[in-house]
Amino acid sequence: YVTVGSPWQKQLITYSINNFTPKLGKKLTHEAIDNAFKVWSSFVPLQFDKVDASQNPDIVTFFAEGFHNDNTNFDGVGGYLAHAFYPGSGIGGDTHFDGAEPWTLHQGPNKGNDLFLVAVHELGHALGLQHSPDVKAIMAPVYKYHDTKNFVLPQDDILGIQSLYGNFWFKLFDSTKPPRRPAATQPTISSIPEPSPPKLCELSNYDAISFLRKELYIFKGKYMWRRKRGKTSFSGPLMISSFWPQLKNGVDAVYENPTSNKIVFFKDHLFWEFRGTELLPQSPRHVRHIGMQNGKVDAAVWWQRNGKTYFFKGNCGYYWRYGVGRVEEDYPRSISVWNGAPANVDAAFSGVDGSHNFTYFVKGNKYWVFNNWEIKTVKTSLSFVDDWLKC
Amino acid sequence: NHVKSRTKRDSAEIGFAESYLVNYGYVPPDSLQSGRANAELHSWSKALAEMQKFHGLPQTGEFDDATIEIMKKPRCANPDKVSVKTNLKRKKR
């Protein structure tokens, strides 16, 4: 991604939609542009309020043909589709669409130009992103169709916009509290302020924990913390979606299988397979594809000793052993086999300092140490906060 | 290579492609002055290779079919290159 040096220096940004394309009508034109703003605000702490053009909004959007009072004339069908000015006063942020283009919405590929997709791209400029050389990115210069019904903002664009506003938030505001929302001039869709990101040392439990690429990750809600190799402290909170955009609603369990070079996340009844941060084909899939009838895996851990992966469901105290492609026949079994391990475990991990001699079970903010060779728990109910988080 | 690829193509396509490189910031606008064009053949070829790289094409430095084809696709009017912000001159609406 490529950014401009000066993003908007505020969190509340106003915009107007001054006219509409008759090819879609007013309602669909507004729907396309409103939703394009929502794409960006779901990854950075910006609030977009639509106002009337007479209120001198930060971002003015309109449709025009040919010359339209700036130095880039539109050129009829094809060629220029639209353009936008980078953040700033006056014309800064303004976004113009070529009215001559065959505007469509949610009509699939090869049917004109989808206004929602072009609007996401142009508003990326209006927020400070330049064109990206990543051809998969929405900020690539040439129009390319992306699924608009289940639109997922490409990774490159997420990293780009968060490099502008993710730091902006922490730099400008106390990182322990979100910026106080200004009194909304009109009722916003959800006037409930974003909950402030949790503090790692104050968490009473964790959704998932695992070593990934030999770095320790802790997941809670939409956030994650990361302890790099050789470090004792964690960086974060980071949005999980900044690495894995498909997981913006959080995860229940995660494990890495270094031999297959896969990182697998579970959330409710689905699982996603990644190579690093690249989503592998067929993901997400229902857990029944791996033989688990109902969903919600609470913890998962891969064993180097036998190459198997173990899935734990907390509330029922069962576990499954997963081999190649599906869980093994005579499972689930009771977790009592892992004698001494807690029943409704929240998370499990192994691979500490690269060794897989022990499995660590975490429940609440306590942890248990299980010896993978003696097949028994050797330490019980220790303080995870003291021993791992160094709070 | 550059001369060869130019002779193969008709002048209208060459003109279109050269305007594309200028419009999207790969070549400074004044490179279009004919007197200087030959002296800057190398910069055209270099600019072309740069555009091809940005768009994920083989960097031939030539006006080849794949390059001309992608130049004809509908796109955003903003420049690709940071240095030439052609549409940023204005400040007033």
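Lettering of chains follows the sequences in order, A, B, ..., and the numbering in each one begins at 1. Worth knowing before you read on, the calculation uses all heavy atoms, side chains too, and leaves out hydrogens, waters and symmetry mates.
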> Who among B:Lys72, B:His55, B:Met71 has the most heavy-atom pairs with chain A under 4.5 Å?
Replying inline: B:His55
>> What part of A:Val60 gets within 4.5 angstrom of chain B, counting heavy atoms only: side chain, backbone, both, or neither?
In response: both
>> For A:Gln130, is there any backbone N or O sitting under 3.5 Å from a side-chain donor or acceptor partner on B:Asn78?
In response: no
> Any idea which heavy atoms bring A:Gly78 and B:Pro74 closest together, and the distance?
Replying inline: CA-CB, 4.4 Å
> Heavy-atom distance under 4.5 Å to chain B: side chain of A:Glu101, backbone, both or neither?
Replying inline: neither
>> Once salt bridge (charged side-chain N to carboxylate O under 4.0 Å, His left out) is applied, do any residues pair with A:Asp34, and if so which ones, sequence neighbours excluded?
In response: A:Lys50
> With only heavy atoms counted, which part of A:Asp98 is less than 4.5 Å from chain B, the side chain, the backbone, both or neither?
Replying inline: neither
> Does any N or O in the side chain of A:His131 come within less than 3.5 Å of the main-chain N or O of B:Lys81, such that one atom is a donor and the other an acceptor?
Replying inline: no
> For B:Ala77 and A:Thr72, which heavy atoms make the closest approach, and how far apart are they?
Replying inline: CB-CG2, 4.1 Å
>> Taking 4.5 Å as the heavy-atom cut-off, does anything in residues 132-156 of chain A contact chain B, and if so which residues?
In response: A:Ser132, A:Pro133, A:Val135, A:Pro141, A:Val142, A:Tyr143
